[in-house]
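These notes concern the structure reproduced below.
Computed over heavy atoms, backbone and side chain alike; hydrogens, waters and symmetry mates excluded.
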4 protein chains.
Amino acid sequence: MKPEKSKRKPGRPKASESPGTMTQLLRTASFLFMEHGYEKVSLETVAQTCGVTKASVYYYFSNKAVLFTEALLFVLKMAYDQTAAVIEGPGTLKERLQEVARRHMRNQHVDFETMMREAATDLNEEQIRTVREREADIHRLLERVFAKAMDEGEMKRSDPLLLSHAFVAMMTVRNRNEIVNDVRTAGQAAEEIVQLIWVGIAPPHS
Amino acid sequence: MKPEKSKRKPGRPKASESPGTMTQLLRTASFLFMEHGYEKVSLETVAQTCGVTKASVYYYFSNKAVLFTEALLFVLKMAYDQTAAVIEGPGTLKERLQEVARRHMRNQHVDFETMMREAATDLNEEQIRTVREREADIHRLLERVFAKAMDEGEMKRSDPLLLSHAFVAMMTVRNRNEIVNDVRTAGQAAEEIVQLIWVGIAPPHS
Amino acid sequence: MKPEKSKRKPGRPKASESPGTMTQLLRTASFLFMEHGYEKVSLETVAQTCGVTKASVYYYFSNKAVLFTEALLFVLKMAYDQTAAVIEGPGTLKERLQEVARRHMRNQHVDFETMMREAATDLNEEQIRTVREREADIHRLLERVFAKAMDEGEMKRSDPLLLSHAFVAMMTVRNRNEIVNDVRTAGQAAEEIVQLIWVGIAPPHS
Amino acid sequence: MKPEKSKRKPGRPKASESPGTMTQLLRTASFLFMEHGYEKVSLETVAQTCGVTKASVYYYFSNKAVLFTEALLFVLKMAYDQTAAVIEGPGTLKERLQEVARRHMRNQHVDFETMMREAATDLNEEQIRTVREREADIHRLLERVFAKAMDEGEMKRSDPLLLSHAFVAMMTVRNRNEIVNDVRTAGQAAEEIVQLIWVGIAPPHS
DNA sequence: AATGAATGAGTGTTCATTCAT
DNA sequence: AATGAATGAACACTCATTCAT
């Protein structure tokens with residue numbers, strides 16, 4: 001969390017190098033917030049990670065709450081698009097769920113709800129509402145897919161929205177070192193998690 | 001923010017040290033940390049909630065990291081004892097899991113892993129290790145119970161430790177207002193979550 | 001906050017320089033500075049009020065101190081002209097003083113001296129001197145009028161410059177809500193103030 | 001305004017040296033606010049002038065608005081007491097007014113109303129009300145004295161509250177260098193101001 | 001056993017100012 | 001003629017921590 005002075009330029013050169021400071025700030029902030037939560041990420045850190053000053057952050061975002069909100073909307077949009085592409089794509093439902101899980105577990109990230117609670121005192125009604133709405137979109141997307149699958153006999157009947165939340169919640173196991181470590185990759189964990197919720201834990205004969 | 005040195009001698013404090021205030025601080029801190037996370041809880045808040053001054057907190061706990069650590073150990077011990085009592089008690093496995101879920105969902109609390117990550121920069125190696133160990137105890141307890149149940153045919157075979165983590169992770173749905181609200185209580189959510197993981201989502205005929 | 005260097009060349013700018021924007025900036029700045037004082041008025045505010053960007057302000061005025069100075073000279077010139085027109089115009093001295101007071105009290109404005117003190121650290125010697133000189137012009141105008149009136153027996157003898165300052169100072173009562181409110185307009189207050197200083201407060205018989 | 005590092009201790013030693021940090025902060029803040037206004041006085045300056053750190057200021061006053069409010073109440077109380085002692089004391093009304101003027105002009109200070117307007121955005125309703133009330137107390141004190149004097153024939157009839165405001169407003173001439181300078185002291189200016197308002201400016205014969 | 005006083009290091013935020021275009 | 005982008009310096013405010021009593 002101590003923003004190290006980075007001289008930059010180890011990556012791709014020139015041409016695509018500058019996708020606009022604002023976009024870079026948004027990307028960086030998204031990553032940092034998701035990785036560390038709201039409070040631990042200072043604007044100073046975001047700025048220095050992008051190689052600009054704190055004041056520049058304020059040039060683009062009027063305050064921390066706004067940056068946070070826009071950063072979250074940014075990742076939620078990406079998450080929605082990715083999830084939609086996969087879940088409505090080809091393959092069996094189980095395979096598609098596994099792919100969703102794999103992608104979701106690719107990076108570590110804090111619990112979304114915990115992060116929102118942390119930020120809640122800084123955000124205004126509308127900001128909270130907007131973020132929550134975009135998050136709910138993802139759950140509603142899954143809900144629809146689940147409901148349809150249930151109708152078509154691809155899944156057992158249950159509350160599809162609850163299932164969606166439970167499904168997403170299970171992916172936080174990716175953060176536990178006892179689970180995802182040298183012997184088991186995040187990808188494997190994703191598959192096993194889906195297998196678990198797929199077959200359930202009831203004894204075979206019951 | 002420069003911890004590293006925990007001058008406090010380990011082990012139980014002398015009986016002469018007023019257990020009243022100290023226990024109260026521990027209880028209060030436990031509750032506040034679980035409710036709001038590490039950063040958002042200031043020692044001032046803990047002190048005021050207990051009706052003492054900030055300096056008094058330092059009288060009992062050499063710094064915030066120590067208070068946090070001991071507070072977590074406090075709740076983890078309670079959680080372990082409660083879980084053990086229930087999970088090793090009477091009733092079918094499913095019933096016992098439901099009771100564990102019900103108790104765990106009784107209060108809102110932040111995601112444990114997220115909170116630990118928040119606090120990680122302040123805690124030293126040993127503190128992290130100790131807390132993680134006590135948390136792991138709970139997972140190992142569940143792991144043992146699951147393994148035994150699998151052996152005895154009460155459960156389908158799967159990785160019992162992964163299952164334990166997934167099970168606990170699912171309980172964070174308690175925090176979502178779309179799930180636990182006026183129409184569905186935390187208790188009901190607990191039951192449905194257990195039902196979900198119990199029967200799985202695979203179609204009945206497969 | 002490091003002024004000292006006013007690169008702007010003195011004298012009237014070339015006619016080609018769009019007088020529109022510059023004049024508008026000057027007018028806006030004058031109004032805002034008089035209404036709120038030096039510190040509270042940011043260049044951003046001035047710019048936005050004029051519908052241009054902050055950088056545009058710098059295009060016309062090399063820094064805040066210069067804008068402030070020129071804005072003040074702008075209003076002082078207007079004030080001088082207006083005062084001169086009235087005070088040297090027709091009517092009895094008392095009537096003319098009342099008209100001067102009425103016009104001066106038309107708008108609320110901060111105390112001139114207080115504002116100058118606020119800005120003093122930013123202005124250089126010359127800027128302060130110039131503004132003060134133009135302010136002094138107004139006092140000298142009144143001084144001359146008073147002196148002449150005393151000579152001609154239209155007024156009691158006293159220090160005409162002190163009187164001028166006292167006269168202007170009294171007009172700040174326009175800002176007090178206890179004085180100028182629903183029951184007494186600024187115009188009425190102006191008349192009563194003049195009446196007060198006109199007849200004095202000594203008992204009638206003394 | 002650049003708070004110089006002051007090693008202190010050039011004054012009276014020990015015993016009476018420490019009248020309590022809080023009182024010292026209050027006195028210092030009062031002086032600085034009255035001398036420079038609200039915005040120009042930073043808490044850092046107040047702190048360093050007292051030889052403590054900014055954080056110490058916050059130990060005693062929860063924010064700048066509170067410090068400002070209490071500082072003003074502090075000076076207003078002193079001003080009231082002093083004014084009351086003089087104005088209700090012995091001597092002719094004119095002599096007493098002169099003494100009040102002399103004391104009021106002893107130190108330079110910004111226009112009260114201008115300062116309040118500067119601070120207004122930071123203060124809450126109650127703080128503004130309280131300060132205004134204490135300021136009004138002084139005007140009411142003068143108003144009562146004036147009203148009584150009018151009843152007893154010691155003064156000409158006029159609006160006593162307006163007179164009070166006008167009287168106080170006139171004292172700001174103390175800040176003008178053209179008025180109070182080498183040839184005329186503040187004390188002399190005080191006397192001449194009172195003389196002016198006492199006799200008025202109307203020609204003797206009218 | 002407990003506290004009042006004080007502080008250093010941050011954090012969010014504002015603003016005058018610069019410069020390339 | 002005008003601006004978008006970027007910055008440095010200051011400021012209000014918070015908080016964990018220390019220490020003498």
Could you tell me the separation between the [atom1] atom of [X] and the [atom2] atom of [N], rounded to a whole number of Å?
X        : N      : atom1 : atom2 : result
C:Leu43  : F:dT3  : CG    : P     : 14 Å
B:Tyr38  : F:dC15 : OH    : C1'   : 11 Å
C:Tyr58  : E:dA20 : OH    : P     : 17 Å
C:Asn63  : F:dG8  : CG    : P     : 20 Å
C:Leu123 : E:dA16 : CG    : C1'   : 14 Å
A:Lys40  : E:dG10 : NZ    : P     : 13 Å
A:Glu39  : E:dG10 : CD    : P     : 17 Å
B:Asp122 : E:dA9  : CG    : P     : 16 Å

Looking at residues at least two apart in the chain, or sitting in another chain, which of them share a ring-ring contact (aromatic ring centres under 6.0 Å, His included) with D:Phe68? D:Phe33, D:Tyr38
Would you please name every residue forming a ring-ring contact (aromatic ring centres under 6.0 Å, His included) with C:His36, sequence neighbours left out? none
Suppose we screen for salt bridge (Lys or Arg N to Asp or Glu O under 4.0 Å). Which residues come up paired with A:Arg132, at least two apart in sequence or across chains? A:Glu113, A:Glu135
For residues 21-32 of chain B, the salt bridge (Lys or Arg N to Asp or Glu O under 4.0 Å) pairs (sequence neighbours left out) are none
Sequence neighbours excluded, every pair satisfying salt bridge (Lys or Arg N to Asp or Glu O under 4.0 Å) that has a member inside residues 55-76 of chain D: none
Can you name the side chain to side chain contact (heavy atoms under 4.5 Å, CB included) partners of A:Ser30, sequence neighbours left out? A:Ala71, A:Phe74, A:Val75
All heavy atoms of C:Lys40 vs all of D:Glu39, minimum pair found to be CG-OE2, 2.9 Å
Taking all atoms of both residues into account, what is the closest heavy-atom pair of B:Val131 and B:Leu76, and its distance? O-CD1, 3.6 Å
Short N/O separations, protein against nucleotides 4-8 of chain E, under 3.5 angstrom:
{"from": "E:dA5", "atom 1": "OP2", "to": "D:Tyr59", "atom 2": "OH", "distance (Å)": "2.9"}
{"from": "E:dA6", "atom 1": "OP1", "to": "D:Thr21", "atom 2": "OG1", "distance (Å)": "2.8"}
{"from": "E:dA6", "atom 1": "OP2", "to": "D:Tyr60", "atom 2": "OH", "distance (Å)": "2.4"}
{"from": "E:dT7", "atom 1": "OP2", "to": "D:Thr53", "atom 2": "N", "distance (Å)": "3.0"}
{"from": "E:dT7", "atom 1": "OP2", "to": "D:Thr53", "atom 2": "OG1", "distance (Å)": "3.2"}
{"from": "E:dT7", "atom 1": "OP2", "to": "D:Ser56", "atom 2": "OG", "distance (Å)": "2.5"}

Name the nucleic acid region contacted by B:Val41, choosing base, sugar-phosphate or nothing; use a 4.0 angstrom heavy-atom cut-off, strictly under. sugar-phosphate
Read 5' to 3' with Watson-Crick or G-U pairs under 3.5 Å, [ ] for crossing pairs and | for partners on another strand, DNA chain F gives .||||||||||||||||||||
I'd like to check the side chain to side chain donor-acceptor pair (under 3.5 Å) partners of B:Gln48; sequence neighbours left out, ordered by chain and number. B:Glu44
Which of the following nucleotides, F:dA16, E:dT13, F:dC11, is nearest to the side chain of A:Lys64? E:dT13
